[in-house]
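Below: the structure, in structure tokens.
As the structure is a prediction and not an experimental result, all values here were calculated from the model. All chains are named by letter (A, B, ...) in the order of the sequence lines, taking the proteins before the strands, and each is independently numbered beginning at 1.
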Amino acid sequence: MTKKYITTAIPYMNAAPHVGHAMDYCLADVCARYNRLIGNEVKFQAGTDEHGGKIFRKAKEAGIPVEEYVSRNVDVLKSFLEKLNVSYTDFVRTSDELHKRNVQEIWRKLKEYIYTAKYEGWYCSGCERFITEKEYDENNGLCPDHKKPYERLEETNYYFKVGEFKDRIREAIVSNEMVILPEFRKKEVLKLLDESPDVSISRPKEQLSWGIPVPDDDSQVMYVWFDALSNYITILGYPEKQISDWWPAEVQFVGKDVLRFHAIIWPAMLLGLGLPLPRKLLSHGMVLCDGQKMSKTVGNVVDPIEVIDKHGVDAFRYYFLRHIDTFADSDFTWEKFENAYNNELANDLGNLVQRLAVLVSKNQIDVVDEDIDLDNYREYLKLMDQFEYTKAFDYIWERIQELNRKIDEEKPWEMAKAGKTTELIDCLSVLIRSLLDVSWMLSPFLPETADKINNIFKGKIEPPKTPLFPKN
RNA sequence: CGCGGGGUAGAGCAGCCUGGUAGCUCGUUUGGCUCAUAACCAAAAGGUCGUUGGUUCAAAUCCAACCCCCGCAACCA
């Protein structure tokens with residue numbers, strides 16, 4: 001039994017989760033369930049990123065103490081994970097005492113790579129942040145949100161020497177010591193690496209009160225990325241505990257938008273701590289709605305809960321794992337969702353289970369439990385190991401279509417009418433066996449459905465009272 | 001000349017690395033079947049593979065130039 005540590009990016013707690021957040025969790029959950037299926041022991045982290053000025057302001061706007069504000073959002077996220085049927089094993093909050101203490105220790109350990117420097121730039125007191133020169137030029141020196149002119153401001157911050165580690169990071173990426181998937185993202189990161197400057201990792205307290213204090217300096221708090229990235233190891237107990245059982249992570253799932261932090265700053269931190277780099281970084285695409293990035297102003301935000309409540313978790317997971325590309329951006333529309341649901345889940349799979357169950361219920365046969373022989377699943381295992389989840393689905397669906405075809409060709413109902421019992425039983429046994437294979441392969445993706453199928457064909461076989469995927 | 005991805009049937013995509021009759025899913029049309037959730041099975045229609053030029057016996061595939069879309073450029077999942 002091999003130990004595998006799987007992580008997800010921790011969402012920033014300034015709003016309720018939307019379908020975009022589901023990507024990370026769906027992918028990681030499949031990976032986790034798949035690993036358990038083939039006999040590995042899995043630690044599966046999830047958590048929340050709770051510090052920073054943005055959250056502080058949001059809480060203030062809502063008129064709630066910031067601790068309560070984030071706690072509420074954490075509850076929302078947790079119930080979301082439950083609804084999504086995500087099998088995480090550990091949950092970290094960056095406001096946890098243990099996390100805070102450990103991050104401060106991490107800071108201390110990295111001290112030789114931390115220095116102070118002055119930063120001077122354009123600043124908007126409304127946004128409470130610095131803006132780039134380019135942004136300044138584009139907006140002609142006036143903040144579009146606050147209609148106020150930018151001010152020239154200077155502040156002293158702590159910086160982390162990312163530059164020290166660039167060569168080693170590049171080497172690790174090129175040699176696949178740290179694999180970045182997909183390949184085109186790897187190229188992107190290698191390019192970005194050249195231009196990566198040292199990063200600021202603190203802010204003056206007056207500007208950012210909601211954060212972890214910098215050790216031995218009351219005037220500064222940590223910048224959120226330093227705080228947030230550390231979660232992957234503070235949850236394991238680092239540096240208080242030995243973490244070599246679980247670290248390095250087998251795979252860290254991140255959105256393409258945060259890949260740069262995970263592929264450059266995070267490895268720099270790890271190298272500074274003398275820890276190994278994660279084995280794989282998987283960067284997935286974004287979910288678009290009607291071809292556009294989701295945004296409240298456009299009004300195209302899809303509420304994942306609505307989808308789940310309407311058609312069930314597995315329908316949701318199915319759509320996001322098969323029809324949202326694992327690596328590239330893809331589109332969610334209700335039309336596409338309904339299509340996939342009706343054609344693929346209800347007609348192909350649901351109806352197959354139904355017709356087979358009915359056939360067998362009229363001619364009861366015992367299904368013998370057979371041990372899974374992984375050799376029969378080589379193609380599937382290969383795709384799963386490469387995170388080719390949409391292709392794995394294609395493969396499974398070919399099996400499903402094959403079964404439907406086979407039933408049509410062999411016409412077991414005619415065997416029944418003709419009284420050819422032996423032939424009939426042989427035929428049905430083979431069909432059921434194949435369907436259970438399908439169910440096995442499906443189980444990391446659609447755990448509920450796989451369970452239902454297994455239960456139908458266990459003991460006395462009866463067609464399910466309600467279809468697997470009812471149409472409406 | 002910032003970087004990256006892409007332009008293939010009505011839609012969504014594969015094929016391109018390793019040139020050789022253009023493929024998949026959905027949709028459309030027709031036929032078959034009746035065990036099944038009006039489901040399932042079979043067949044058909046539908047493409048000058050972004051444009052132009054080059055290499056080659058042969059180019060969606062290799063090379064060059066150009067056009068058009070879409071992401072990214074320090075906190076956006």
Side-chain angles (χ1 to χ4, degrees), chain A residues 8-12 14-15 17-25 49 52-54 121 129-132 134-135 162 182 184-192 194-197 199-200 223-225 228 253-261 264-265 283-288 291-295 322-323 325 327-331 333 335-336 339-340 342-363 390-391 393-394 397-398 400-401 403-417 424 428 431 463-464 466-472:
Chain A
T8 53
I10 54 176
Y12 198 58
N14 64 345
H18 55 72
V19 283
H21 295 92
M23 263 326 270
D24 229 36
Y25 295 117
D49 181 8
K54 231 182 203 174
R129 69 177 181 102
F130 282 97
I131 56 143
T132 58
K134 181 145 187 210
E135 213 174 337
V162 173
F184 67 86
R185 293 281 175 226
K186 174 174 166 177
K187 273 196 272 177
E188 234 173 70
V189 169
L190 286 171
K191 197 67 137 206
L192 264 170
D194 295 330
E195 328 159 347
S196 292
V199 287
S200 159
Y223 193 49
V224 279
W225 275 108
F253 289 88
V254 299
K256 67 167 190 188
D257 52 336
V258 292
L259 177 64
R260 58 172 54 217
F261 303 101
I264 298 172
I265 301 175
S283 154
H284 62 254
M286 306 273 117
V287 181
L288 308 175
Q292 282 179 309
K293 195 165 176 171
M294 258 176 286
S295 91
R322 185 173 192 192
H323 293 291
D325 191 286
F327 302 113
D329 292 355
S330 10
D331 207 24
T333 65
E335 194 194 347
K336 286 180 189 172
N339 259 334
N342 287 326
N343 287 318
E344 293 157 19
L345 287 176
N347 294 350
D348 291 341
L349 176 60
N351 182 54
L352 170 65
V353 170
Q354 192 74 23
R355 67 196 298 211
L356 198 52
V358 170
L359 280 169
V360 181
S361 68
K362 293 176 185 165
N363 311 273
T390 58
K391 286 185 186 146
F393 259 120
D394 290 345
W397 244 255
E398 275 169 35
I400 290 172
Q401 281 159 346
L403 278 171
N404 270 322
R405 204 176 310 132
K406 206 164 170 185
I407 296 179
D408 272 50
E409 280 165 7
E410 302 198 350
K411 303 180 177 37
W413 55 91
E414 285 186 2
M415 296 177 189
K417 273 183 209 152
L424 176 66
L428 292 179
L431 290 170
T466 48
L468 243 43
F469 297 99
K471 289 204 208 173
N472 29 12

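When the C1' atom of B/G2 is taken as reference, atom NZ of A/Lys191 falls 10 Å away, rounded to whole Å. Going from atom NZ of A/Lys411 over to atom C1' of B/A42 covers 11 Å, rounded to whole Å. Straight-line distance from the CG atom of A/Asp325 to the C1' atom of B/U25: 15 Å, rounded to whole Å. One interatomic measurement links the two molecules: CG of A/Asn343 to C1' of B/U25, which rounds to 9 Å at whole-angstrom precision. For the pair A/Arg355 CZ and B/U37 P, the computed distance is 11 Å after rounding to whole Å. Distance A/Leu190 CG to B/G5 P: 13 Å, rounded to the nearest Å. A straight line from CG of A/Asp348 to C1' of B/C26 spans 11 Å, rounded to a whole angstrom. Here B/U37 presents its C1' atom at 10 Å from CG of A/Asn342, a figure rounded to the nearest Å.
For the P atoms, the distance from B/C67 to B/U28 is 40 Å, rounded to whole Å. Here, B/C16 and B/A38 have their C1' atoms 42 Å apart, quoted to the whole Å. B/A14 and B/A73: their C1' atoms are spaced 32 Å apart (whole Å). For the P atom pair drawn from B/C35 and B/U30, the interatomic distance equals 25 Å after rounding to whole Å. Going from the P atom of B/G12 to that of B/G31 covers 30 Å, rounded to whole Å. Between B/C40 and B/A77, the two C1' atoms lie 40 Å apart (nearest whole Å).
Evaluated for a side-chain contact (heavy atoms from CB on, under 4.5 Å) with A/Met415, the options A/Leu428, A/Leu359, A/Leu424 yield exactly one hit, A/Leu424.
Under the Watson-Crick or G-U wobble criterion, with both distances below 3.5 Å, B/A11 is paired with B/U25. Of the nucleotides present, B/G50 is the one that pairs with B/C66 by Watson-Crick or G-U wobble criteria, both distances under 3.5 Å. The partner of B/A39 cannot be assigned: no Watson-Crick or G-U wobble pair with both contacts below 3.5 Å exists in any strand. A 3.5 Å limit on both hydrogen-bonding distances identifies B/G2 as the Watson-Crick or G-U partner of B/C72.
With RNA chain B read from its 5' end, the first of the two nearest nucleotides for A/Glu414 and A/Glu188 is the one closest to A/Glu188. Nearest-nucleotide positions on RNA chain B place A/Glu344 closer to the 5' end than the other of A/Trp225 and A/Glu344.
When each of B/A77, B/G5, B/A36 is scored by its nearest atom to the side-chain atoms of A/Phe184, the top-ranked nucleotide is B/G5. Each of B/C35, B/C40, B/U37 was ranked by its minimum atom distance to the side chain of A/Leu468; first place goes to B/U37. Picking from B/A77, B/A74, B/C41 the nucleotide with the shortest atom distance to the side chain of A/Val258 gives B/A77. For A/Gln354, the listed nucleotide lying nearest its side chain is B/U37; candidates were B/A73, B/C41, B/U37.
Taking CG from A/Leu259 and CZ from A/Arg185, the interatomic distance works out to 7.5 Å, rounded to the nearest 0.5 Å. To the nearest 0.5 Å, atom NZ of residue A/Lys256 and atom CD of residue A/Glu188 are 8.0 Å apart.
In this model, the phosphate group of B/A39 is approached by a side-chain N or O of A/Lys471 to a distance below 4.0 Å at OP1 or OP2. An OP1 or OP2 oxygen of B/C40 is reached within less than 4.0 angstrom by a side-chain nitrogen or oxygen of A/Asn347. Taking 4.0 angstrom as the limit, A/Arg185 places none of its side-chain polar atoms (N or O) nearer than this to OP1 or OP2 of B/G5. One finds a side-chain N or O of A/Lys187 lying less than 4.0 angstrom from the OP1 or OP2 phosphate oxygen of B/G5. Distances shown here put every side-chain N or O of A/Lys336 at or beyond 4.0 Å from the OP1 or OP2 atom of B/U25. Using a 4.0 Å cut-off, no side-chain N or O of A/Asn339 falls inside it from OP1 or OP2 of B/U25.
Taking both residues in full, the closest heavy atoms of A/Phe469 and A/Ala346 are given as O-CB, 3.4 Å, listed atom of the first, atom of the second, then distance. Nearest heavy atom pair, residue A/Tyr12 against residue A/Gly52, reads OH-CA, 3.4 Å. What you find for A/Pro197 and A/Val162 is that their closest heavy atoms are O-CB, 3.9 Å.
Under 3.5 Å, the side chain of A/Asn351 and the base of B/A39 form no donor-acceptor pair of N or O atoms.
In this structure the side chain of A/Arg322 reaches within 4.5 angstrom of the side chain of A/Asp394, judged on heavy atoms.
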